[in-house]
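Presented below is the structure to which this report refers.
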Amino acid sequence: MFYYLHYFSEWLSFLNIFKYITFRLLYGSLTAFLLVYFLMPPFIKYMKKKQFGQFIREEGPSHHQVKVGTPTMGGVIIILSIVISTLLWTNLSNPFIWLSLFTLVTFGAIGFWDDYLKIKRKKNLGLKAREKLVIQIFLVVIFYLILYYYLGHSTILYFPFLKNFVLELGLGYLIFSILVILGSSNAMNLTDGLDGLAIVPFCVVAGVYSVFSYIAGHVKFASYLFIPYVPFAGEVAIFCAILGGAGLGFLWYNSYPAEIFMGDVGSLSLGATLGAISLMIKQEFILLIAGGVFVAEALSVILQVGYFKLTKGKRIFKMAPLHHHFELLNWKESKVVIRFWIISVICGLIALSTLKIR
Ligand code: 57M
């Protein structure tokens, strides 16, 4: 909305600043941070009053039982703050902004329903896995139809490190989009098992995508760095910064000992949104690199479950997802979390380095 103020710059020249992506990116991110910062305490109070707390699995590491009753569904405030900041700071005629919000809100709605059922039933029994999967696939199909048919996005797949190798996937891009968005959404959901564990890697990936979107949307920078030019992608840089700002605001309350968890409403929606951004700006593989922590967590579950079934009861890790393995090696929760943060920052830096190495 503020973007439109630059139309009045003929009368008040300083309003011209609202045209610039970099300016709106910084203040969008700050707005999102402040909204989460101020809205979360009343929400925590409300959730406590309603006794809408987290159910804790009995089979988990025993010290998790102290977390019983910690309010959950903090994702509601994260989503609300992102939506408000986006409406305030981005150019609303940009279709990528609406697609990003579509993914955030619809995946958020699935997570919300899942969390609500779990709280109501006072068991770890939300939506059935198959129900969730069908709805999620349906949402990605809508996303795909808008992106590729309505907006005419390309179905070419580009690779980091390789400037001369591309793949035209055609309709295969639909399957690929499902894999990217569902993979990202569920990987973030699996990672979200310790205080602050998921939100920092999320902020790192959002930061990396903010840089990539800015470059992808700038015809000169994109051609200089050999990355595909995507018209209008620059505005996505603002959205990514808003994601990061909201994430930091949430970390304020989710840092150890957590006053609130984000819930599936947070993890499913934020993860899916990162996947959607990677598809919109044609930097899908960067998600695997920048989101290395999410990849490792998801892989640990796939390997553990696969090996468990194959060997009829043997395990590779003490427990999956990976963070539980380290907990059971007697690492303190904050040690696991901070070390995963460090790895995630390193992954983010490697992802940025691909801009130059190609
Ligand atoms: C949900 N959710 C947390 C909170 C958060 C297939 C299987 C591997 C699935 C996996 C699973 O269900 N993972 C996804 C992870 C839960 O947190 C809630 O859920 C939201 C995110 N979806 O926002 O609302 C618990 O995590 C802890 N937590 C924190 N701080 C936070 O900031 O401490 C969360 C956020 C919370 C709290 O304790 O209650 C969760 O873990 O439930 N399943 C598992 O993760 C289980 N693994 C398992 O069974 N492994 C097996 C193999 C064969 C699959 C094995 O290795 O033997 C473990 N989950 C837990 N304990 N908690 C089992 C042990």
Side-chain angles (χ1 to χ4, degrees), residues 40 44 47 52-79 107-108 110-119 122-130 132-133 184-202 247 250-272 294 296-329 332-334 336-338 340-341:
M40 201 61 90
I44 295 176
M47 295 298 274
F52 283 171
Q54 178 71 47
F55 167 85
I56 309 283
R57 298 167 197 261
E58 275 166 17
E59 71 277 19
S62 56
H63 70 268
H64 276 251
Q65 292 308 320
V66 299
K67 297 174 188 249
V68 170
T70 305
T72 183
M73 296 175 83
V76 170
I77 298 298
I78 305 180
I79 294 177
F107 275 76
I110 306 174
F112 182 92
W113 189 238
D114 200 22
D115 285 332
Y116 181 74
L117 290 179
K118 284 182 200 162
I119 290 173
K122 295 200 186 302
K123 272 187 199 166
N124 209 14
L125 248 181
L127 282 169
K128 291 199 183 92
R130 188 173 298 175
K132 247 200 273 192
L133 191 72
S184 175
S185 175
N186 289 300
M188 172 124 182
N189 187 32
L190 288 170
T191 307
D192 189 27
L194 296 178
D195 298 353
L197 181 62
I199 201 66
V200 169
F202 169 80
F250 177 68
L251 179 65
W252 192 276
Y253 301 102
N254 183 237
S255 53
Y256 181 84
E259 293 159 68
I260 190 158
F261 301 148
M262 70 172 83
D264 284 7
V265 55
S267 59
L268 289 178
S269 59
L270 296 181
F294 298 134
E297 293 270 21
L299 264 183
S300 74
V301 170
I302 295 169
L303 291 174
Q304 180 92 326
V305 175
Y307 191 73
F308 189 88
K309 285 188 177 154
L310 218 71
T311 58
K312 298 199 171 51
K314 284 194 184 154
R315 288 180 163 83
I316 302 176
F317 304 101
K318 286 184 180 289
M319 192 183 275
L322 195 58
H323 52 265
H324 288 316
H325 174 76
F326 293 106
E327 279 195 291
L328 293 179
L329 284 177
K332 288 267 185 297
E333 174 166 355
S334 43
V336 180
V337 171
I338 293 176
F340 276 46
W341 289 354

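Predicted model, so just to flag it, every value in this text is computed and none were measured. Remember, it's 1-based here, ligands and their atoms both numbered in the order they're listed.
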Once rounded to the nearest 0.5 Å, what's the spacing between atom [atom1] of [X] and atom [atom2] of [Y]?
X	Y	atom1	atom2	value
Phe261	Asp192	CZ	CG	8.5 Å
Met188	Leu197	CE	CG	9.5 Å
Thr70	Asn254	OG1	CG	10.0 Å

Determine which pairs satisfy salt bridge (charged side-chain N to carboxylate O under 4.0 Å, His left out) with at least one residue from residues 255-269, sequence neighbours left out, and list them in order.
Lys118-Asp264, Lys132-Asp264
Under 4.0 Å from a heavy atom of [X]: give me the atoms of ligand 1 that qualify, with their elements.
X	result
Leu194	28 (N), 29 (C), 30 (N), 31 (C), 32 (O), 33 (O)
Pro321	44 (C), 45 (O)
Gln304	52 (C), 53 (C), 55 (C), 56 (O), 57 (O)
Val301	8 (C)
Ser267	21 (C), 22 (N)
Val305	54 (C)
Arg315	55 (C), 57 (O)
Asn254	32 (O)

Under a 4.0 Å heavy-atom limit, does His324 contact ligand 1 with its side chain, its backbone, both, or neither?
side chain
Based purely on interatomic distance, does Gly263 place a nitrogen or oxygen under 3.5 Å from a nitrogen or oxygen of ligand 1?
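For ligand 1, there is an N or O atom that lies under 3.5 Å from one belonging to Gly263.
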Heavy-atom contact check, 4.0 Å cutoff: does Ala258 meet ligand 1?
no
Among Gly313, Gly193, Pro71, whose heavy atom sits nearest atom 29 (C) of ligand 1?
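Residue with the shortest heavy-atom distance to the ligand atom: Gly193.
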If you apply the rule side chain to side chain contact (heavy atoms under 4.5 Å, CB included), what do you find for Leu251 with Val200, and how did you get there?
CA-CA 8 Å; Leu251 179 65; Val200 169; 3.7 Å; yes
Ignoring hydrogens, what is the shortest heavy-atom contact between His323 and Thr191? Give both atom names and the distance.
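Of all heavy-atom pairs spanning His323 and Thr191, the closest is CE1-O, 3.7 Å.
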Below 3.5 Å, can you tabulate the donor-acceptor pairs from side chains in residues 300-310 to any protein atom, sequence neighbours excluded?
{"unit_1": "Ser300", "atom_1": "OG", "unit_2": "Glu297", "atom_2": "O", "d": "2.7"}
{"unit_1": "Ser300", "atom_1": "OG", "unit_2": "Leu322", "atom_2": "N", "d": "3.0"}
{"unit_1": "Gln304", "atom_1": "OE1", "unit_2": "Ile316", "atom_2": "N", "d": "3.1"}
{"unit_1": "Gln304", "atom_1": "OE1", "unit_2": "Phe317", "atom_2": "N", "d": "2.9"}
{"unit_1": "Gln304", "atom_1": "NE2", "unit_2": "Phe317", "atom_2": "O", "d": "2.9"}

Taking Val265 as the fixed residue, which of Trp113, Phe112, Tyr116 is the one that meets the side chain to side chain contact (heavy atoms under 4.5 Å, CB included) rule?
Phe112
